[in-house]
Amino acid sequence: MFALVDCNNFYVSCERVFRASLANVPVVVLSNNDGCLISRSAEAKALGFQMGDPYFQVKPDLEYNKVRVFSSNYALYGDMSRRVMHYLASVAPTIEIYSIDECFLDLHGMNRYLHPNLAAFGAEVREQIRKRTKIPTCVGIAPTKTLAKLANRIAKKYPAMKGVCYLDTEEKRRKALELTAVGDVWGIGYQYALKLQAQGIRTAAQLTQQSESWARKFLGGVVGVRLLRELQGKVCHQLQPSEDGTLSRQSITYSRTFGTPLTAFSDVLGAVSAFTARAAEKLRRQGSAANTMSVFLSKDRFSLEPGPHSSSTVITLPVASSDTSDLIRLARTALKRLWQPGCVYKKAGVIFDGLETDGQQQLDLFAKVNVGEARDKLMKDLDKLNERFGSGAVTFASAFVKKGERPVWDSKADFKSSAYTTDWDELWCIT
DNA sequence: TCTGGGGTCCTAGGACCC
DNA sequence: TCTGGGGTCCTAGGACCC
(Lines give C-alpha, C1' and ligand atoms only; values in the text may rest on other atoms or scores of the structure.)
Protein backbone atom coordinates (compact mmCIF):
# COMPACT_ATOMS: atom_id res chain seq x y z
CA MET A 1 0.00 0.00 0.00
CA PHE A 2 1.00 3.58 -0.71
CA ALA A 3 -0.24 6.74 0.93
CA LEU A 4 -0.22 10.22 -0.53
CA VAL A 5 -0.32 13.07 1.95
CA ASP A 6 -1.19 16.37 0.28
CA CYS A 7 -1.42 19.74 2.00
CA ASN A 8 -4.59 21.67 1.21
CA ASN A 9 -4.01 25.00 -0.58
CA PHE A 10 -0.50 24.86 0.85
CA TYR A 11 0.76 28.43 0.28
CA VAL A 12 -2.47 29.95 1.54
CA SER A 13 -2.37 27.60 4.54
CA CYS A 14 1.19 28.76 5.33
CA GLU A 15 0.11 32.41 5.26
CA ARG A 16 -2.79 31.57 7.57
CA VAL A 17 -0.55 29.93 10.17
CA PHE A 18 0.78 33.33 11.16
CA ARG A 19 -2.33 35.48 10.69
CA ALA A 20 -5.52 34.57 12.49
CA SER A 21 -7.31 37.30 10.53
CA LEU A 22 -7.01 35.22 7.35
CA ALA A 23 -9.22 32.42 8.64
CA ASN A 24 -12.52 31.98 6.79
CA VAL A 25 -11.86 34.83 4.35
CA PRO A 26 -10.83 34.51 0.68
CA VAL A 27 -7.04 34.45 0.27
CA VAL A 28 -4.81 33.95 -2.79
CA VAL A 29 -1.05 33.67 -3.31
CA LEU A 30 0.62 34.92 -6.51
CA SER A 31 3.42 33.33 -8.55
CA ASN A 32 6.83 34.92 -8.96
CA ASN A 33 6.76 38.46 -10.30
CA ASP A 34 3.16 38.68 -9.01
CA GLY A 35 2.11 37.05 -12.28
CA CYS A 36 -0.66 34.49 -11.71
CA LEU A 37 -2.81 32.99 -8.96
CA ILE A 38 -1.13 29.77 -7.81
CA SER A 39 -2.83 29.06 -4.48
CA ARG A 40 -6.42 29.80 -3.48
CA SER A 41 -8.35 29.31 -0.27
CA ALA A 42 -11.66 27.45 -0.44
CA GLU A 43 -13.44 30.82 -0.18
CA ALA A 44 -11.48 32.20 -3.15
CA LYS A 45 -12.27 29.07 -5.20
CA ALA A 46 -15.96 29.46 -4.35
CA LEU A 47 -15.82 33.00 -5.76
CA GLY A 48 -14.72 31.51 -9.10
CA PHE A 49 -11.01 32.40 -9.15
CA GLN A 50 -9.05 29.83 -11.16
CA MET A 51 -5.57 28.39 -10.82
CA GLY A 52 -3.30 30.36 -13.19
CA ASP A 53 -5.55 33.39 -13.60
CA PRO A 54 -3.32 36.36 -14.53
CA TYR A 55 -3.30 38.74 -11.59
CA PHE A 56 -3.67 41.93 -13.63
CA GLN A 57 -6.83 40.53 -15.24
CA VAL A 58 -8.60 39.52 -12.04
CA LYS A 59 -7.31 42.37 -9.87
CA PRO A 60 -10.58 44.39 -9.96
CA ASP A 61 -12.53 41.25 -9.09
CA LEU A 62 -10.21 40.45 -6.22
CA GLU A 63 -10.56 43.95 -4.84
CA TYR A 64 -14.34 43.93 -5.21
CA ASN A 65 -14.54 40.67 -3.26
CA LYS A 66 -12.03 41.85 -0.65
CA VAL A 67 -9.73 38.92 -1.35
CA ARG A 68 -6.45 39.04 0.60
CA VAL A 69 -3.53 38.84 -1.84
CA PHE A 70 0.04 37.69 -1.14
CA SER A 71 3.23 37.49 -3.21
CA SER A 72 4.86 34.08 -2.87
CA ASN A 73 7.21 33.73 0.09
CA TYR A 74 9.33 30.64 -0.54
CA ALA A 75 11.46 31.08 2.57
CA LEU A 76 8.31 30.59 4.63
CA TYR A 77 6.77 27.79 2.52
CA GLY A 78 10.03 25.84 2.32
CA ASP A 79 10.43 25.95 6.08
CA MET A 80 6.83 24.87 6.77
CA SER A 81 7.26 22.08 4.24
CA ARG A 82 10.36 20.80 6.06
CA ARG A 83 8.36 20.57 9.29
CA VAL A 84 5.60 18.53 7.66
CA MET A 85 8.04 16.19 5.88
CA HIS A 86 10.13 15.74 9.01
CA TYR A 87 7.09 14.41 10.82
CA LEU A 88 6.11 12.12 7.94
CA ALA A 89 9.61 10.65 7.85
CA SER A 90 9.06 9.54 11.44
CA VAL A 91 5.86 7.55 10.77
CA ALA A 92 6.68 5.47 7.66
CA PRO A 93 9.66 3.29 6.75
CA THR A 94 10.15 5.06 3.40
CA ILE A 95 8.93 8.41 2.11
CA GLU A 96 9.34 10.27 -1.17
CA ILE A 97 8.94 14.03 -1.01
CA TYR A 98 7.18 14.52 -4.32
CA SER A 99 6.81 18.30 -4.19
CA ILE A 100 6.86 21.11 -1.68
CA ASP A 101 3.38 20.10 -0.45
CA GLU A 102 3.02 16.39 -1.28
CA CYS A 103 4.62 13.27 0.07
CA PHE A 104 4.25 9.58 -0.79
CA LEU A 105 4.63 7.04 2.02
CA ASP A 106 5.46 3.42 1.34
CA LEU A 107 3.37 1.44 3.79
CA HIS A 108 4.78 -1.97 2.84
CA GLY A 109 6.38 -3.60 5.80
CA MET A 110 4.59 -1.33 8.20
CA ASN A 111 3.95 -2.93 11.54
CA ARG A 112 0.56 -4.52 11.11
CA TYR A 113 0.02 -4.83 14.84
CA LEU A 114 0.74 -1.17 15.41
CA HIS A 115 -1.46 -0.05 12.50
CA PRO A 116 -4.00 -2.79 11.79
CA ASN A 117 -6.33 -0.17 10.37
CA LEU A 118 -4.68 2.06 7.78
CA ALA A 119 -7.68 4.40 7.60
CA ALA A 120 -7.19 5.17 11.29
CA PHE A 121 -3.48 5.63 10.60
CA GLY A 122 -4.34 8.18 7.90
CA ALA A 123 -6.59 10.08 10.28
CA GLU A 124 -3.86 10.10 12.93
CA VAL A 125 -1.31 11.48 10.46
CA ARG A 126 -3.67 14.30 9.49
CA GLU A 127 -4.36 15.14 13.09
CA GLN A 128 -0.68 15.16 14.08
CA ILE A 129 0.31 17.43 11.17
CA ARG A 130 -2.50 19.81 12.05
CA LYS A 131 -1.40 19.89 15.68
CA ARG A 132 2.28 20.36 14.93
CA THR A 133 2.13 22.80 12.02
CA LYS A 134 -1.50 23.97 11.70
CA ILE A 135 -1.39 22.84 8.06
CA PRO A 136 -4.52 20.99 6.86
CA THR A 137 -3.94 17.88 4.76
CA CYS A 138 -5.74 15.05 3.00
CA VAL A 139 -4.60 11.43 2.84
CA GLY A 140 -5.20 8.87 0.07
CA ILE A 141 -4.24 5.24 0.63
CA ALA A 142 -4.28 2.64 -2.16
CA PRO A 143 -2.30 -0.22 -3.75
CA THR A 144 -0.45 2.00 -6.30
CA LYS A 145 0.84 5.57 -6.40
CA THR A 146 -1.62 6.50 -9.16
CA LEU A 147 -4.55 5.13 -7.15
CA ALA A 148 -3.26 6.85 -4.00
CA LYS A 149 -3.34 10.11 -5.96
CA LEU A 150 -6.88 9.36 -7.04
CA ALA A 151 -7.92 8.43 -3.50
CA ASN A 152 -6.43 11.69 -2.28
CA ARG A 153 -8.59 13.67 -4.71
CA ILE A 154 -11.66 11.90 -3.42
CA ALA A 155 -10.69 12.60 0.19
CA LYS A 156 -10.44 16.29 -0.79
CA LYS A 157 -13.61 16.45 -2.81
CA TYR A 158 -16.08 14.69 -0.54
CA PRO A 159 -16.32 16.18 2.98
CA ALA A 160 -17.93 12.96 4.24
CA MET A 161 -14.54 11.26 3.83
CA LYS A 162 -13.14 13.47 6.61
CA GLY A 163 -9.88 13.93 4.71
CA VAL A 164 -8.97 10.25 4.38
CA CYS A 165 -9.77 7.81 1.57
CA TYR A 166 -8.58 4.23 1.81
CA LEU A 167 -9.14 2.02 -1.23
CA ASP A 168 -8.71 -1.35 0.44
CA THR A 169 -11.26 -3.38 -1.53
CA GLU A 170 -11.93 -4.05 -5.18
CA GLU A 171 -15.38 -2.61 -4.70
CA LYS A 172 -14.01 0.72 -3.42
CA ARG A 173 -11.43 0.90 -6.19
CA ARG A 174 -14.15 0.47 -8.79
CA LYS A 175 -16.36 3.08 -7.16
CA ALA A 176 -13.49 5.55 -6.96
CA LEU A 177 -12.67 5.08 -10.64
CA GLU A 178 -16.30 5.71 -11.57
CA LEU A 179 -16.39 8.92 -9.52
CA THR A 180 -13.27 10.32 -11.22
CA ALA A 181 -13.34 12.24 -14.49
CA VAL A 182 -10.67 11.02 -16.87
CA GLY A 183 -9.00 14.44 -16.97
CA ASP A 184 -8.47 14.28 -13.20
CA VAL A 185 -6.31 11.16 -13.40
CA TRP A 186 -2.63 11.71 -12.56
CA GLY A 187 -0.86 11.72 -15.93
CA ILE A 188 -3.85 12.79 -18.05
CA GLY A 189 -3.40 16.44 -18.99
CA TYR A 190 -5.32 18.73 -21.27
CA GLN A 191 -4.23 17.20 -24.58
CA TYR A 192 -4.93 13.60 -23.59
CA ALA A 193 -8.25 14.54 -22.00
CA LEU A 194 -9.36 16.03 -25.34
CA LYS A 195 -8.33 12.89 -27.21
CA LEU A 196 -10.11 10.63 -24.73
CA GLN A 197 -13.31 12.62 -24.76
CA ALA A 198 -13.33 12.44 -28.54
CA GLN A 199 -13.34 8.66 -28.15
CA GLY A 200 -16.18 8.77 -25.65
CA ILE A 201 -14.03 7.97 -22.62
CA ARG A 202 -15.23 10.13 -19.74
CA THR A 203 -14.39 8.41 -16.47
CA ALA A 204 -11.31 6.73 -15.06
CA ALA A 205 -13.36 3.52 -14.92
CA GLN A 206 -13.88 3.62 -18.70
CA LEU A 207 -10.16 4.27 -19.16
CA THR A 208 -9.25 1.07 -17.30
CA GLN A 209 -11.41 -0.91 -19.77
CA GLN A 210 -9.01 -0.07 -22.62
CA SER A 211 -6.31 -2.45 -23.79
CA GLU A 212 -2.58 -1.92 -23.28
CA SER A 213 -1.97 -1.61 -27.02
CA TRP A 214 -4.60 1.12 -27.10
CA ALA A 215 -2.80 2.95 -24.26
CA ARG A 216 0.51 2.52 -26.05
CA LYS A 217 -0.96 4.14 -29.13
CA PHE A 218 -2.90 7.03 -27.61
CA LEU A 219 -1.26 7.85 -24.28
CA GLY A 220 2.41 8.32 -25.08
CA GLY A 221 3.75 4.77 -25.39
CA VAL A 222 5.02 2.99 -22.30
CA VAL A 223 3.96 5.91 -20.11
CA GLY A 224 0.33 5.21 -21.00
CA VAL A 225 0.70 1.47 -20.43
CA ARG A 226 2.05 2.09 -16.95
CA LEU A 227 -0.75 4.53 -16.21
CA LEU A 228 -3.34 1.95 -17.20
CA ARG A 229 -1.76 -0.81 -15.13
CA GLU A 230 -1.48 1.42 -12.08
CA LEU A 231 -5.18 2.24 -12.30
CA GLN A 232 -5.84 -1.50 -12.45
CA GLY A 233 -3.93 -1.90 -9.21
CA LYS A 234 -0.70 -3.28 -10.67
CA VAL A 235 2.36 -1.51 -9.26
CA CYS A 236 4.61 0.14 -11.89
CA HIS A 237 5.95 3.07 -9.90
CA GLN A 238 7.89 2.46 -6.71
CA LEU A 239 9.03 5.29 -4.45
CA GLN A 240 12.29 6.93 -5.51
CA PRO A 241 13.66 8.46 -2.37
CA SER A 242 17.10 9.96 -1.93
CA GLU A 243 18.90 10.19 1.38
CA ASP A 244 17.13 13.29 2.64
CA GLY A 245 13.87 12.30 0.95
CA THR A 246 14.30 14.83 -1.84
CA LEU A 247 15.17 13.75 -5.35
CA SER A 248 18.64 14.29 -6.70
CA ARG A 249 18.13 16.42 -9.81
CA GLN A 250 19.31 15.60 -13.30
CA SER A 251 19.26 19.24 -14.33
CA ILE A 252 19.22 22.49 -12.42
CA THR A 253 17.58 25.69 -13.61
CA TYR A 254 17.44 29.23 -12.31
CA SER A 255 15.35 31.65 -14.32
CA ARG A 256 13.32 34.75 -13.63
CA THR A 257 11.08 37.25 -15.34
CA PHE A 258 12.49 40.73 -14.78
CA GLY A 259 10.39 43.16 -12.74
CA THR A 260 10.80 45.61 -15.65
CA PRO A 261 11.95 44.74 -19.19
CA LEU A 262 15.66 45.31 -19.85
CA THR A 263 17.51 46.64 -22.90
CA ALA A 264 21.09 47.29 -21.66
CA PHE A 265 23.68 44.53 -22.00
CA SER A 266 25.20 45.36 -18.64
CA ASP A 267 21.85 44.97 -16.86
CA VAL A 268 21.13 41.60 -18.43
CA LEU A 269 24.71 40.48 -17.75
CA GLY A 270 24.15 41.36 -14.10
CA ALA A 271 21.00 39.26 -14.04
CA VAL A 272 22.57 36.29 -15.82
CA SER A 273 25.61 36.43 -13.51
CA ALA A 274 23.41 36.49 -10.44
CA PHE A 275 21.24 33.63 -11.78
CA THR A 276 24.38 31.63 -12.58
CA ALA A 277 25.63 32.13 -9.03
CA ARG A 278 22.30 30.91 -7.58
CA ALA A 279 22.16 27.90 -9.88
CA ALA A 280 25.78 27.03 -9.02
CA GLU A 281 24.88 27.12 -5.33
CA LYS A 282 22.11 24.59 -5.98
CA LEU A 283 24.60 22.49 -7.93
CA ARG A 284 27.08 22.41 -5.02
CA ARG A 285 24.32 21.77 -2.51
CA GLN A 286 23.47 18.48 -4.19
CA GLY A 287 27.15 17.65 -4.69
CA SER A 288 27.06 17.87 -8.48
CA ALA A 289 29.18 19.37 -11.23
CA ALA A 290 27.77 20.28 -14.66
CA ASN A 291 29.06 19.24 -18.07
CA THR A 292 26.88 21.62 -20.05
CA MET A 293 25.42 25.00 -19.40
CA SER A 294 22.60 26.64 -21.35
CA VAL A 295 21.74 30.32 -21.19
CA PHE A 296 18.48 31.63 -22.55
CA LEU A 297 16.95 35.06 -23.14
CA SER A 298 13.26 35.68 -23.68
CA LYS A 299 11.32 38.58 -25.13
CA ASP A 300 7.62 39.22 -24.52
CA ARG A 301 6.08 35.77 -24.91
CA PHE A 302 2.62 37.23 -25.48
CA SER A 303 3.57 39.55 -28.33
CA LEU A 304 2.15 38.71 -31.76
CA GLU A 305 5.43 39.40 -33.52
CA PRO A 306 6.46 36.54 -35.79
CA GLY A 307 9.55 34.54 -34.97
CA PRO A 308 10.76 32.94 -31.75
CA HIS A 309 10.30 34.74 -28.45
CA SER A 310 13.22 32.97 -26.88
CA SER A 311 16.75 32.06 -27.88
CA SER A 312 19.27 29.87 -26.14
CA THR A 313 22.79 28.59 -26.52
CA VAL A 314 24.55 25.58 -25.05
CA ILE A 315 28.15 25.54 -23.89
CA THR A 316 29.93 22.25 -23.24
CA LEU A 317 32.47 22.64 -20.48
CA PRO A 318 35.97 21.22 -20.97
CA VAL A 319 35.72 19.69 -17.50
CA ALA A 320 32.59 19.39 -15.36
CA SER A 321 32.48 22.28 -12.92
CA SER A 322 30.49 23.78 -10.07
CA ASP A 323 32.78 26.77 -9.68
CA THR A 324 30.85 30.02 -9.77
CA SER A 325 33.66 32.09 -11.28
CA ASP A 326 34.23 29.57 -14.11
CA LEU A 327 30.54 29.40 -14.78
CA ILE A 328 29.96 33.16 -14.76
CA ARG A 329 32.77 33.55 -17.29
CA LEU A 330 31.08 31.02 -19.57
CA ALA A 331 27.70 32.64 -19.03
CA ARG A 332 29.12 35.92 -20.28
CA THR A 333 30.43 34.20 -23.42
CA ALA A 334 27.01 32.62 -23.98
CA LEU A 335 25.22 35.90 -23.44
CA LYS A 336 27.42 37.70 -25.98
CA ARG A 337 26.47 35.05 -28.52
CA LEU A 338 22.77 35.57 -27.91
CA TRP A 339 22.72 39.31 -27.54
CA GLN A 340 20.81 41.32 -30.12
CA PRO A 341 21.17 45.07 -29.63
CA GLY A 342 17.89 46.95 -29.52
CA CYS A 343 15.90 43.99 -28.20
CA VAL A 344 13.67 44.29 -25.16
CA TYR A 345 14.24 41.32 -22.86
CA LYS A 346 11.79 40.18 -20.20
CA LYS A 347 13.31 37.03 -18.83
CA ALA A 348 16.61 35.15 -18.65
CA GLY A 349 17.71 31.82 -17.28
CA VAL A 350 20.55 29.39 -16.78
CA ILE A 351 20.30 25.58 -17.02
CA PHE A 352 22.95 23.11 -15.88
CA ASP A 353 22.79 19.67 -17.43
CA GLY A 354 24.90 16.53 -17.74
CA LEU A 355 25.39 16.48 -13.98
CA GLU A 356 27.95 14.22 -12.35
CA THR A 357 29.24 13.80 -8.83
CA ASP A 358 31.58 16.69 -8.03
CA GLY A 359 35.19 15.74 -7.48
CA GLN A 360 35.02 12.75 -9.86
CA GLN A 361 35.91 14.73 -12.96
CA GLN A 362 38.62 13.57 -15.33
CA LEU A 363 41.75 15.52 -14.49
CA ASP A 364 42.46 18.35 -16.85
CA LEU A 365 45.89 17.53 -18.21
CA PHE A 366 47.13 21.10 -17.97
CA ALA A 367 45.41 22.21 -14.78
CA LYS A 368 47.56 23.07 -11.86
CA VAL A 369 46.26 20.78 -9.16
CA ASN A 370 46.61 23.40 -6.42
CA VAL A 371 44.39 25.84 -8.25
CA GLY A 372 41.54 23.33 -8.25
CA GLU A 373 41.85 22.68 -4.56
CA ALA A 374 42.03 26.35 -3.69
CA ARG A 375 38.90 26.98 -5.73
CA ASP A 376 36.98 24.22 -3.99
CA LYS A 377 37.85 25.75 -0.67
CA LEU A 378 36.86 29.19 -1.90
CA MET A 379 33.42 27.93 -3.00
CA LYS A 380 32.88 26.16 0.31
CA ASP A 381 33.72 29.34 2.21
CA LEU A 382 31.50 31.38 -0.09
CA ASP A 383 28.54 29.09 0.58
CA LYS A 384 29.17 29.17 4.32
CA LEU A 385 29.29 32.96 4.40
CA ASN A 386 26.09 33.28 2.40
CA GLU A 387 24.35 30.75 4.56
CA ARG A 388 25.37 32.54 7.71
CA PHE A 389 24.94 36.16 6.66
CA GLY A 390 22.15 35.78 4.13
CA SER A 391 22.09 35.00 0.44
CA GLY A 392 24.03 37.60 -1.55
CA ALA A 393 26.25 38.64 1.38
CA VAL A 394 29.27 37.73 -0.75
CA THR A 395 28.92 37.90 -4.53
CA PHE A 396 30.96 38.19 -7.69
CA ALA A 397 31.56 41.66 -9.10
CA SER A 398 29.37 41.17 -12.18
CA ALA A 399 26.42 40.21 -9.99
CA PHE A 400 27.08 42.89 -7.40
CA VAL A 401 24.22 44.95 -5.98
CA LYS A 402 24.70 47.75 -3.48
CA LYS A 403 23.46 47.01 -0.01
CA GLY A 404 19.89 48.15 0.48
CA GLU A 405 19.31 48.56 -3.26
CA ARG A 406 17.18 46.31 -5.41
CA PRO A 407 18.80 45.03 -8.57
CA VAL A 408 17.28 46.28 -11.84
CA TRP A 409 16.23 42.73 -12.77
CA ASP A 410 14.48 41.98 -9.46
CA SER A 411 11.03 40.40 -9.75
CA LYS A 412 7.97 42.17 -8.52
CA ALA A 413 6.71 41.06 -5.09
CA ASP A 414 4.44 43.81 -3.83
CA PHE A 415 2.49 41.80 -1.26
CA LYS A 416 5.05 39.66 0.50
CA SER A 417 4.55 38.46 4.07
CA SER A 418 7.51 38.16 6.42
CA ALA A 419 9.93 35.23 6.60
CA TYR A 420 8.59 34.60 10.11
CA THR A 421 10.48 31.40 10.71
CA THR A 422 13.80 31.78 8.91
CA ASP A 423 15.02 35.38 9.22
CA TRP A 424 16.05 37.05 12.47
CA ASP A 425 14.94 40.40 11.07
CA GLU A 426 11.46 39.16 10.25
CA LEU A 427 10.48 37.20 13.31
CA TRP A 428 6.85 37.19 14.31
CA CYS A 429 6.12 40.31 16.34
CA ILE A 430 3.36 40.37 18.92
CA THR A 431 2.32 43.92 19.53
C1' DT B 1 1.45 48.16 -18.11
C1' DC B 2 0.41 43.81 -16.11
C1' DT B 3 0.23 36.62 -18.16
C1' DG B 4 5.58 32.00 -13.00
C1' DG B 5 9.13 28.72 -12.36
C1' DG B 6 11.20 24.24 -12.03
C1' DG B 7 11.15 19.83 -13.13
C1' DT B 8 10.33 14.74 -15.42
C1' DC B 9 10.02 11.11 -19.06
C1' DC B 10 9.66 9.53 -23.72
C1' DT B 11 10.08 9.49 -28.85
C1' DA B 12 11.86 10.53 -33.25
C1' DG B 13 15.37 11.70 -36.21
C1' DG B 14 20.07 12.83 -37.63
C1' DA B 15 25.10 12.08 -37.33
C1' DC B 16 28.45 8.96 -36.85
C1' DC B 17 30.74 4.52 -36.23
C1' DC B 18 31.99 -0.34 -37.32
C1' DT C 1 15.12 -0.52 -59.33
C1' DC C 2 18.51 -1.46 -56.27
C1' DT C 3 20.97 1.13 -52.34
C1' DG C 4 23.08 -3.82 -44.74
C1' DG C 5 22.24 -3.50 -40.01
C1' DG C 6 23.23 -2.55 -35.64
C1' DG C 7 24.64 0.57 -31.94
C1' DT C 8 25.41 5.16 -29.53
C1' DC C 9 25.05 9.88 -28.76
C1' DC C 10 22.85 14.12 -29.23
C1' DT C 11 19.01 17.36 -29.89
C1' DA C 12 14.41 18.94 -30.39
C1' DG C 13 9.91 18.58 -29.24
C1' DG C 14 5.76 16.94 -26.99
C1' DA C 15 3.43 15.47 -23.19
C1' DC C 16 2.98 15.58 -18.25
C1' DC C 17 3.54 17.14 -13.12
C1' DC C 18 3.34 20.60 -8.95
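Per chain, numbering begins at 1; letters A, B, ... match sequence-line order. Computed from a predicted structure; not experimentally measured.
Although no hydrogens or angles enter the test, the distance criterion places a donor-acceptor pair under 3.5 Å between the side chain of A:Arg40 and the main chain of A:Phe49. Between the side chain of A:Arg126 and the backbone N or O of A:Thr137 there is at least one donor-acceptor pair closer than 3.5 Å.
Between A:Trp186 and A:His237, the two ring planes are perpendicular [angle over 60°; tilted spans 30° to 60°].
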Test side chain to side chain contact (heavy atoms under 4.5 Å, CB included) applied to A:Leu147 and A:Arg173, step by step: CA-CA 8 Å; A:Leu147 285 171; A:Arg173 184 184 70 90; 3.9 Å; yes
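Within 4.0 Å (heavy atoms only), A:Tyr254 reaches sugar-phosphate atoms of the nucleic acid but no base atom. Residue contacts shown for A:Ile252 are limited to sugar-phosphate atoms, with no base heavy atom under 4.0 Å away.
Following rounding to the nearest Å, A:Tyr55 (OH) and B:dT3 (P) show an atom-to-atom distance of 13 Å. Atom CG in A:Leu262 sits about 15 Å away from atom C1' in B:dT1, given to the nearest Å. For A:Gln57 and B:dT1, the CD to C1' distance is 13 Å, given to the nearest whole Å. Summarising the geometry, the separation between CZ on A:Phe415 and P on B:dC2 is reported as 16 Å, rounded to the nearest angstrom. Spacing between atom CD1 of A:Ile351 and atom P of B:dG5 amounts to 13 Å, rounded to whole angstrom units. Here the P atom of nucleotide B:dG5 and the CZ atom of A:Phe258 are 10 Å apart, to the nearest Å. Atom-to-atom, CD of A:Gln250 to P of B:dG6 comes out at 17 Å; the value is rounded to the nearest Å. The distance from atom CG of A:Asp410 to atom P of B:dG5 is 12 Å, rounded to the nearest whole Å.
Between A:Cys36 and A:Val223, it is A:Cys36 whose nearest contact on DNA chain B lies nearer the 5' terminus. Comparing A:Gly221 and A:Lys282 against DNA chain B, the residue whose closest nucleotide sits nearer the 5' end is A:Lys282.
The phosphate of B:dT1 (OP1 or OP2) has no side-chain N or O of A:Lys59 nearer than 4.0 angstrom. In this structure, A:Thr253 reaches the B:dG7 phosphate: one of its side-chain N or O atoms is under 4.0 Å from OP1 or OP2. At B:dG5, one or more side-chain N or O atoms of A:Lys347 fall inside 4.0 Å of OP1 or OP2 (strictly under the cut-off). Between A:Ser251 and B:dG6, a side-chain N or O to OP1/OP2 separation shorter than 4.0 Å is absent. The side chain of A:Thr257 contributes no N or O atom lying less than 4.0 Å from OP1 or OP2 of B:dT3.
Legend: residues meeting ring-ring contact (aromatic ring centres under 6.0 Å, His included) with A:Trp214, ordered by chain and number and at least two apart, are A:Phe218.
A cation-pi arrangement is present between A:Lys145 and A:Phe104 under the rule of less than 6.0 angstrom and at most 45 degrees off the ring axis. In this structure, A:Arg256 satisfies the cation-pi test against A:Tyr254, with its NZ or CZ atom closer than 6.0 Å to the six-membered ring centre and inside 45 degrees of the ring normal.
Minimum interatomic distance between A:Thr276 and A:Ala331 (heavy atoms only, all atoms of both residues): OG1-CB, 3.6 Å. Minimum heavy-atom separation, A:Phe121 to A:Leu107: CE2-CD2, 4.0 Å.
Taking the six-membered ring for Trp, A:Phe415 and A:Phe70 have ring centres at least 6.0 Å apart.
Remark: the separation of the C1' atoms in B:dC16 and C:dG4 is 16 Å, to the nearest Å.
With B:dC2, B:dC9, B:dG6 as the choices, the nucleotide that has an atom nearest any side-chain atom of A:Arg256 turns out to be B:dG6. Residue A:Arg249 places its side chain closer to B:dG7 than to any other of B:dT3, B:dG6, B:dG7. Nearest to the side-chain atoms of A:Arg226 among the listed nucleotides B:dC9, B:dG5, B:dT3 stands B:dC9.
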Dot-bracket notation for DNA chain B, counting Watson-Crick and G-U pairs under 3.5 Å, with | for partners on another strand: ....||||||||||||||
Where protein sits on nucleotides 13-18 of chain C, one letter per nucleotide: B base, S sugar-phosphate only, - none, heavy atoms under 4.0 Å: --SSSS
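Looking at A:Leu76, A:Thr133, A:Leu22, A:Ile135 one by one, the single match for side chain to side chain contact (heavy atoms under 4.5 Å, CB included) with A:Val17 turns out to be A:Ile135.
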